2 protein chains.
Amino acid sequence: MSAQRVEEAIEAIRASGSRVTVDRRAVVEALDRSGDHQTAEQVAEAVWVHHPDVNLATVYRTLELLEKLEIAFHVHLGHGPSRWHLADDVHHHLVCEGCGRVIEIPDSTFDPLRKRLLDDTGFVIDPHHFSLSGVCGRCAAKAGR
Amino acid sequence: MSAQRVEEAIEAIRASGSRVTVDRRAVVEALDRSGDHQTAEQVAEAVWVHHPDVNLATVYRTLELLEKLEIAFHVHLGHGPSRWHLADDVHHHLVCEGCGRVIEIPDSTFDPLRKRLLDDTGFVIDPHHFSLSGVCGRCAAKAGR
DNA sequence: TTCCGTGCAAACAATTTGCAATAGA
DNA sequence: TCTATTGCAAATTGTTTGCACGGAA
C-alpha cells in the first residue's frame, strides 16, 4: 500500500550498516502489503507470492532485524504464535477469550493507567508487546443468560 | 504454606467428578508451596522434591485440569513459557523489558481502564492472562542519561 | 469392575542455530 | 574482495497426544 514506508524501512536498514538484500526487501514489502496481526508464517506466505525461494528462517531472521531497528514489532495475541506489524501501525488489542475476536483500541485509552503506574511505581508501560484478554460484549451477554 | 487452600482445591477436584490422585495432590501442594510465577517445569521440580516419580506430562495435564476448574491459572510474562499460580493469588504484572524485573500491582489499578473499556466497547477485561510490558524506573533512568 | 489417570515415547509447533555456499558493498 | 546473508537441515524449547497398563471409585 505505502511505497513510502517501504522505502523508509529500506533506508533504515542501509543506515544501520546492514545489507539491503532482495529477501529483506521482500519481507518489508510483505509486511506492508499484508497488514496487521500476521504470524511469521503468514508473512512468509505473503513473501512467497512474489519470491517463492525465500527461506522461512530468513523471514524469521529478517523480522528479528527489523525489530532491532524498530521498524517492525511483534505482539502476543491470545495463545499461539507472535503477530507482526510495521512500526507505524500503533494501536492495542483486546482479545476475546470467548470467540477470539480482536478489538483494536487507540493508544490514548491507556493514558490514565500509564500516568498512574508511572506515579506509583516509576514504570513506563508500553502496551504494544502484550494484548489484554477478557470477554467481548457479545460473549459476555451470551454467558450472562 | 496454606493447608487450607490445598484442601479446597482437592475438594473442588472431587466435586467436579474427577479423581483425587496422589499426583494431582502433589501438583496442588507444589503450587501452594512454590508460590507465584512458576513455569510448568518449575512446578514439576517442586513436585519431584517429594514425589520424584510424577511424570512431566502429568504435571501439564494436571495444570490444565486445574485451570478448567478455575483453581489455577497461567499468565504470560515476557517471552518464554507460561507461568502458573493458584487462583487466589490475584494480581497483575509489569515486566521490564530492560532488566526482566517483574513488578506486581493490585487489581484495583485497572478499575478506571476497565470501566472505560466497558463503556466504550462492551469489553470486560481480565488482565490476568497477559502482563504489561515496559521499562522500569531504574532502566528508564539508565536509558535517559 | 469399570473407566479414569498415568508413564512413556513420540509427535508437535514455533523458533533458532551451525555451517558451507553465495551474493551485496 | 571480503564479510554479511542465506539455505538447508538439524537442534531446541515448550507442550500435547496415543496407547497400553495400573489404580481410584
Side-chain angles (χ1 to χ4, degrees), chain A residues 9-28 30 37-48 50-69 71-84 129-130, chain B residues 9-31 37-48 50-69 71-84 129-130:
Chain A
I10 295 300
E11 206 35 58
I13 293 174
R14 199 188 316 278
S16 77
S18 294
R19 291 179 184 170
V20 175
T21 65
V22 174
D23 291 22
R24 286 177 176 172
R25 181 179 283 273
V27 171
V28 172
H37 306 163
Q38 307 302 307
T39 65
E41 190 75 40
Q42 290 171 324
V43 172
E45 277 160 27
V47 166
W48 292 334
H50 295 104
H51 301 84
D53 295 335
V54 176
N55 194 277
L56 183 57
T58 300
V59 172
Y60 275 102
R61 284 190 276 228
T62 303
L63 289 171
E64 190 183 8
L65 173 70
L66 294 178
E67 187 155 55
K68 197 167 63 198
L69 300 179
I71 296 169
F73 294 99
H74 76 277
V75 225
H76 301 282
L77 295 188
H79 293 143
S82 300
R83 307 287 178 148
W84 291 83
H129 190 206
F130 283 99
Chain B
I10 295 300
E11 206 35 58
I13 292 173
R14 200 187 315 278
S16 76
S18 295
R19 291 180 184 166
V20 175
T21 65
V22 174
D23 290 23
R24 286 178 175 172
R25 181 178 283 274
V27 170
V28 172
E29 284 169 353
L31 276 172
H37 305 164
Q38 307 302 307
T39 65
E41 191 73 42
Q42 289 171 325
V43 173
E45 276 160 26
V47 166
W48 292 333
H50 295 105
H51 301 85
D53 294 336
V54 176
N55 194 277
L56 182 56
T58 299
V59 173
Y60 274 102
R61 284 189 276 229
T62 302
L63 289 172
E64 192 182 5
L65 173 71
L66 294 177
E67 187 155 55
K68 197 167 62 195
L69 299 179
I71 296 170
F73 294 98
H74 75 278
V75 224
H76 301 281
L77 296 188
H79 294 144
S82 300
R83 307 290 179 144
W84 291 83
H129 189 207
F130 283 98

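Every chain is numbered from 1, with letters handed out A, B, ... down the list of sequences. Bear in mind the structure is a predicted one, so any value in this text is a computation, not a measurement.
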Roughly how far, to the nearest 0.5 Å, is the CD1 atom of B:I13 from the CZ atom of B:R24? 6.5 Å
Specify the separation, in whole Å, of atom NE2 of B:H51 and atom C1' of C:dT6. 15 Å
B:Q42 atom CD is separated from D:dG14 atom P, nearest whole Å, by 10 Å
Return whichever of A:G17 or B:A57 has its heavy-atom-nearest nucleotide of DNA chain D closer to the 5' end. A:G17
Say you draw a straight line from CD of A:E64 to CG of A:L69; how long is it, rounded to the nearest 0.5 Å? 11.0 Å
If you assign each of A:E64 and B:D23 to its closest nucleotide in DNA chain C, which residue comes earlier from the 5' end? B:D23
What is the separation between atom CH2 on B:W48 and atom C1' on C:dT6, rounded to the nearest whole Å? 15 Å
Check whether any side-chain N or O of A:T58 sits under 4.0 Å from OP1 or OP2 of D:dG7, and answer yes or no. yes
So does A:T21 get a side-chain nitrogen or oxygen closer than 4.0 Å to the phosphate oxygens (OP1/OP2) of D:dT6? yes
Atom CZ of A:R25 and atom C1' of D:dA4 are separated, to the nearest Å, by 18 Å
Regarding A:R61, tell me which of base, sugar-phosphate or nothing describes its non-hydrogen contacts under 4.0 Å with the strands shown. base
dist A:L66:CG -> A:H74:NE2 (nearest 0.5 Å) comes out at 13.0 Å
Please tell me whether B:H129 and A:H76 form a close aromatic pair, meaning their ring centres lie under 6.0 Å apart. no
Proximity to the side chain of B:Y60 - top-ranked nucleotide from D:dT3, D:dT15, D:dG7: D:dT15
Verify the contact: side-chain N or O of B:S82 to OP1 or OP2 of D:dG14, cut-off strictly under 4.0 Å; return yes or no. no
Decide, yes or no, whether a salt bridge links A:R14 with A:E11 under the criterion of side-chain N to carboxylate O below 4.0 Å. yes
When the nearest nucleotide of DNA chain D is assigned to B:V20 and to B:A40 on a heavy-atom basis, which residue is associated with the more 5' position? B:A40
Grab the CD-P distance between A:E41 and C:dT16 for me, whole Å please. 14 Å
B:D53 atom CG is separated from D:dG22 atom C1', nearest whole Å, by 14 Å
Taking the minimum atom-to-atom distance to the side chain of A:R19, which one of D:dT5, C:dT6, D:dA25 wins? D:dT5
note: B:L56, atom CG; D:dT17, atom P; distance rounded to Å ~ 14 Å
For the pair made of CD1 in B:I13 and C1' in C:dG5, what is the distance, rounded to whole Å? 12 Å
Heavy atoms under 4.0 Å, any strand shown: does A:T39 hit a base, just sugar-phosphate, or nothing? nothing
Give a yes/no answer on whether the side chain of B:N55 brings an N or O atom under 4.0 Å of OP1 or OP2 in C:dT6. no
